[in-house]
A.B. asks: 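Sharing a structure below in structure tokens format, with a few things to ask.
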There are 2 protein chains.
Amino acid sequence: MTAQIRLPLDQILVGDCIEQINKLPENSVDLVFADPPYNLQLQGELVRPNNSVVDAVDDHWDQFETFQAYDRFTHDWLRAVRRVLKDDGGLWVIGSYHNIFRVGAALQDLGFWILNDVIWRKTNPMPNFRGKRFTNAHETLIWCSKSEKSKRYTFNYDAMKAFNDDQQMRSDWLLPLCTGSERLKVDGRKAHPTQKPESLLARVLLSTSQPGDVVLDPFFGSGTTGAVAKKLGRRFIGIEREQDYAEIAMDRIARVKRIEDESLLKIESKRTEPRVPFGNIVERGMLRPGEVLFDQRKRWFAKVRPDGSLVSDAAKGSIHSVGAAVQGAPACNGWTFWHVDRGGNTVPIDVFRQQVRAEMRA
Amino acid sequence: MTAQIRLPLDQILVGDCIEQINKLPENSVDLVFADPPYNLQLQGELVRPNNSVVDAVDDHWDQFETFQAYDRFTHDWLRAVRRVLKDDGGLWVIGSYHNIFRVGAALQDLGFWILNDVIWRKTNPMPNFRGKRFTNAHETLIWCSKSEKSKRYTFNYDAMKAFNDDQQMRSDWLLPLCTGSERLKVDGRKAHPTQKPESLLARVLLSTSQPGDVVLDPFFGSGTTGAVAKKLGRRFIGIEREQDYAEIAMDRIARVKRIEDESLLKIESKRTEPRVPFGNIVERGMLRPGEVLFDQRKRWFAKVRPDGSLVSDAAKGSIHSVGAAVQGAPACNGWTFWHVDRGGNTVPIDVFRQQVRAEMRA
DNA sequence: CGCTGCCGTGAATCCCAAG
DNA sequence: GCTTGGGATTCACGGCAGC
């Protein structure tokens, strides 16, 4: 793709995030992960996105002013991101209750389409010291596509299901904070205040991107996105305002090793497997014309015809349409519905398709 | 308090919620629990893999033309609520990603002060039937005070800690949906599409109100708030637009008895071991991507992928499905089947799971 | 009476390539 | 744009029938 030639891949652009994003070509990025600042509302010092300090805090109007400023900032960087995101790309934003509601509303206002909100449940959150609230034990991520119309965003459903012991991955993820040796230190003190754990980014990239994809992080910070992207064979573009952080991140990423074995990264799903027409199964003699197929519980029967169609009392046609017809159902997957007798065992006809696919791969 | 004399306590006011709220005196309510329409914006019908159709929430009261219309609605009822809420009162709103970001932003704009966002993790959510997203397994509640200045809102810290096995109550709550005999039925069909479980309301009222407090629910629906309020010795004011729902709720509440011994509601400690997906083991670095697993007798081998799946000559997928595939068995417990070399010793991967569980208990 | 297996169902923004 | 049809897709419970 020609656009990719001009992309500053696997680099950190130092500067204002909107200015830097605007230098990138449109529709060029597969995935965005953003961890925007949300320290604009903490007690004591109140800082606007442009770094100017808000004077009075406890006045209603000022609060409103501050939210307005944050909303403007949020709209601006999201609009910039939206331009460079591919039409079927994905966007993640992480935040806490201080900012995530404003971010979510801005996303919807700009036409992004929310796919899930995901809860990062912390195994080891900071306790609430004063006993005035519930322990704030989670953060919220919003995952969205570029628009309602995008139906081909990347979601590695099968990989996530395998990860989770063959059950669908839920919208709540239990993960520890970034501590111990993973936590970057400078002179014994943490190098960045909000370094995210690599496990969190790994789950984001593994679920919603493919190897080789370009991942943009407009608030790069300590570079967790880049480190995990490199490890997992994705490309990254980082943007960071502070030179110090950019240097720390670049050092960190240089020490990361990419997983070399391609077979460990390649993603396959049933939806991307080649289509095998049922006729091929008959053609190859794996099923004989005239052979009788039946459902698991032997309630319905149909005969194989030489042209790869089925015929039953109720209907004739494809394995799917006849399966649907005998059940009186609106639809049916004939591959898993119909079975045949092989050596006294009842086997689904899907085994023949799997056999053909295995031969195609070899 | 004189204001309370005029309050329509333990009643349901039938009518538009804003009109009804406006009839109440200002600064008269201790707690508000609101379950507003979610603005789901559903498209077509959704069919389960078994061809049954999901009974979706497509009621007229959940339809809004635009986000702007929804925002206007939200601002209007929140402003009305704010007037009748005492200065040290509390407000809860529950929602999903469809609406909660807009609600949260509106709360902040109106001067409410967010104390926590609380995640209701569902033990038994509806799965994602088409494999296109993460299972939407939670809803979000926002708990806030009337303003930043309110420092005397009610939070029963010690009660919550006692209920939670002497650990601070976290911001993520694991609770089942409202099903079974608790679910109100009319002619065998659910009486209300979005009836909330009493356990959820119990936790809300026990944590942030006191016996005798007045609790207002402007979207009363099937009356869970009223039922639990009566049970726990709180007073309620319900507002509901639909006469049918109001009647169902009143009947329901009439059958409720007050509970004298609140210890009955103690959150039972989970005796069952927490589920640890295999992916967590890889995520935590206890197994490295590319590492080779084998069975006890080293007849079969598979490699660990970074996404927590395995790949062997024969198959790829979860530890369980690949274990089954290599043996030609219908099923397999991957935790005990697969082993790895650690310092010259062959250890089953289950030791890593036990290790994670031990950490989680600690 | 207890065990097993089948069936129903829950706030859901849920397919997609080929013609 | 459109239509058509192949075929991919579910977890935890409660209730109930059957044995």
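To find a chain, count down the sequence lines: A is the first, B the second, and so on, and within it residues start at 1. Values below: every heavy atom of this structure, side chains too, minus hydrogens, waters and symmetry copies.
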A.B. asks: Just to verify, which of B/Trp61, B/Tyr38, B/Trp77 counts as forming a ring-ring contact (aromatic ring centres under 6.0 Å, His included) with B/Phe219?
C.D. replies: B/Trp77
A.B. asks: Check every strand shown and say whether B/Ser96 touches a base, only sugar-phosphate, or nothing at a heavy-atom separation below 4.0 Å.
C.D. replies: nothing
A.B. asks: Hey, is the side chain of B/Lys122 poking within less than 4.0 Å of OP1 or OP2 on D/dC11, counting only N and O atoms?
C.D. replies: no
A.B. asks: Is the distance between the ring centroids of A/Trp143 and A/Phe155 less than 6.0 Å?
C.D. replies: yes
A.B. asks: Using a 4.0 Å heavy-atom cut-off across all strands, classify B/Ser181 as base, sugar-phosphate, or nothing.
C.D. replies: sugar-phosphate
A.B. asks: Using atom CZ of B/Arg121 as one end and atom P of C/dG10 as the other, report the distance to the nearest whole Å.
C.D. replies: 22 Å
A.B. asks: Does B/Arg102 come within less than 4.0 Å of A/Asp109, counting only side-chain N to carboxylate O?
C.D. replies: yes
A.B. asks: Could you walk me through whether B/Leu107 and B/Thr74 satisfy the side-chain contact (heavy atoms from CB on, under 4.5 Å) test, starting with their C-alpha distance in whole Å, then the side-chain angles of each, then the deciding distance to 0.1 Å, before giving a yes or no?
C.D. replies: CA-CA 9 Å; B/Leu107 284 168; B/Thr74 302; over 6 Å; no
A.B. asks: Could you tell me whether B/Arg121 and B/Glu139 have a side-chain N and a carboxylate O separated by less than 4.0 Å?
C.D. replies: no
A.B. asks: Establish, with yes or no, whether the OP1 or OP2 oxygen of D/dG7 is under 4.0 angstrom from a side-chain nitrogen or oxygen of A/His320.
C.D. replies: yes
A.B. asks: If you write DNA chain C from 5' to 3' in dot-bracket form, with Watson-Crick or G-U pairs under 3.5 Å, [ ] for crossing pairs and | for pairs with another strand, what do you get?
C.D. replies: .|||||||||....|||||
A.B. asks: Ignoring backbone atoms, test whether B/Lys190 places a side-chain nitrogen or oxygen under 4.0 Å from the OP1 or OP2 oxygen of C/dG10.
C.D. replies: yes
A.B. asks: Of B/Arg130 and B/Cys178, whose closest DNA chain C nucleotide lies nearer the 5' terminus?
C.D. replies: B/Cys178
A.B. asks: Between A/Asn333 and D/dA8, does any side-chain N or O lie under 4.0 Å from OP1 or OP2?
C.D. replies: yes
A.B. asks: Looking only at side-chain N and O atoms, does B/Lys196 come under 4.0 Å of OP1 or OP2 in C/dA11?
C.D. replies: no
A.B. asks: Would you say the side-chain atoms of A/Asn156 and A/Ser207 include a donor-acceptor pair closer than 3.5 Å?
C.D. replies: no
A.B. asks: A/Arg152 side chain N/O closer than 4.0 Å to the phosphate oxygens (OP1, OP2) of C/dA17?
C.D. replies: yes
